[in-house]
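Note sheet for the following structure.
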Amino acid sequence: FHPQIGLESLPKVALRLYQLPFQFERFENMVQSTVELWQKNLHRAKQARDLVFDYALGTSLITLLPIAGYYSLRLLLVLFLLVKMCRDIGKIWQFPRGQDLLAIAGNIFGAIGAVITAAVVWVTLLAIGIWLPYFDSFKGFAGLFTLTWMLGQSTNQYYANGAAKHLSC
């Protein structure tokens, strides 16, 4: 504000513009809170990504256990870990609600795609194992790592979608 011009000589529009910095404080607070929420969501996304990697490594290491037989017990343990991983990802995102139909379908198709991709990886290493026998022993490891990673990323995207929708409301 220029000191030689008095407030009474300003038109009403200019007077309102002069009062605008008070409104700017509210805008600045809104921007600050939005930035803090996005930083929190980025932190949650990193936590979920690290969690998915840990679970993928854990489930795939189960196949390398040198215990003959007990395949159904191993698969049951892997299934339990997959369900627990999805629940833990939801816990990181605080189980947001309100995902649209497209997000739900995306999560379902992501899970189906994870199973198909894991099967393709398993069959590929089985086929390579015909010529190079060492690759055959890692088919379960690679298949379960792929399954867990893709299922975890799909679930993470599902919950992140709900959190972003909750943020925009």
Side-chain angles (χ1 to χ4, degrees), residues 30-169:
M30 185 180 69
V31 168
Q32 181 67 27
S33 64
T34 304
V35 167
E36 288 172 1
L37 281 173
W38 278 107
Q39 286 175 339
K40 188 184 297 183
N41 282 346
L42 285 175
H43 179 69
R44 286 179 181 164
K46 183 181 179 342
Q47 278 182 315
R49 185 180 177 97
D50 292 344
L51 182 81
V52 168
F53 181 75
D54 291 343
Y55 272 102
L57 202 55
T59 57
S60 57
L61 286 175
I62 289 173
T63 62
L64 296 179
L65 292 175
I67 302 170
Y70 299 108
Y71 293 113
S72 57
L73 181 64
R74 286 186 201 176
L75 288 177
L76 222 81
L77 181 61
V78 166
L79 184 64
F80 170 75
L81 288 174
L82 289 175
V83 170
K84 185 169 178 351
M85 176 191 64
C86 292
R87 180 154 174 77
D88 288 346
I89 292 171
K91 198 180 300 181
I92 286 174
W93 288 102
Q94 298 174 347
F95 297 103
R97 300 280 180 184
Q99 286 86 348
D100 56 355
L101 187 60
L102 192 59
I104 295 168
N107 193 25
I108 292 169
F109 285 124
I112 293 169
V115 170
I116 291 171
T117 306
V120 167
V121 167
W122 188 84
V123 168
T124 301
L125 286 179
L126 180 69
I128 291 173
I130 294 172
W131 293 284
L132 301 168
Y134 294 112
F135 283 95
D136 187 31
S137 60
F138 291 107
K139 66 183 181 285
F141 179 88
L144 280 180
F145 188 91
T146 303
L147 173 69
T148 308
W149 178 260
M150 288 184 67
L151 182 65
Q153 292 302 318
S154 176
T155 304
N156 185 33
Q157 188 65 34
Y158 172 76
Y159 284 117
N161 183 347
K165 189 172 184 177
H166 188 267
L167 174 67
S168 66
C169 290

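Just so you know, these numbers come straight off a predicted model, no measurement behind them.
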For Asn156 against Ala48, the heavy-atom pair lying closest together: OD1-CB, 3.3 Å
In terms of heavy-atom contacts, Thr59 and Val78 come closest through O-CG2, 4.1 Å
Give a yes or no on whether the backbone of Phe141 and the side-chain of Thr63 come within a donor-acceptor separation of less than 3.5 Å. yes
Please examine the side chains of Leu102 and Asn161, heavy atoms only from C-beta on, and report whether any two atoms are closer than 4.5 Å. no
Crowding at CZ, Arg74 (>12 non-hydrogen neighbours, <6.0 Å): yes
For the residue pair Gly106 and Ser154, what are the closest heavy atoms and their distance? O-OG, 3.9 Å
Once rounded to the nearest 0.5 Å, what's the spacing between atom CD1 of Ile62 and atom CG of Leu75? 9.5 Å
Minimum heavy-atom distance Trp93-Arg44, with the two atoms named: CE3-CD, 3.8 Å
Between Val52 and Gln153, what is the shortest heavy-atom contact and its length? CG1-NE2, 3.9 Å
Let me confirm one number: the CZ-CD1 distance from Arg49 to Ile92, rounded to the nearest 0.5 Å. 13.0 Å
Give the minimum heavy-atom separation between Ser60 and Leu144, together with the two atoms involved. CA-CB, 4.1 Å
Would you say the side chain of Leu125 lies within less than 4.5 Å of the side chain of Asp136, judging by non-hydrogen atoms? no
Rounded to the nearest 0.5 Å, the OG1 atom of Thr146 sits from the CG atom of Leu151 at a distance of 12.0 Å
Gap separating the CD1 atom of Ile116 from the CG atom of Leu147, nearest 0.5 angstrom: 11.5 Å
Thr155 side, atom OG1; Leu82 side, atom CG - distance, nearest 0.5 Å: 9.0 Å
A quick test of your reading: do over 12 heavy atoms of other residues, nucleotides or ligands sit less than 6.0 Å from CZ of Phe95? yes
Would you give the length of the straight line joining atom CZ of Phe145 to atom CG of Leu61, rounded to the nearest 0.5 angstrom? 9.5 Å
CD/Gln157: more than 12 non-hydrogen atoms of other groups inside 6.0 Å: no
Can you find a heavy atom in the side chain of Tyr159 that is under 4.5 Å from one in the side chain of Gln99? yes
Contact between Gln47 and Asp50 at the side-chain level, heavy atoms closer than 4.5 Å - yes or no? no
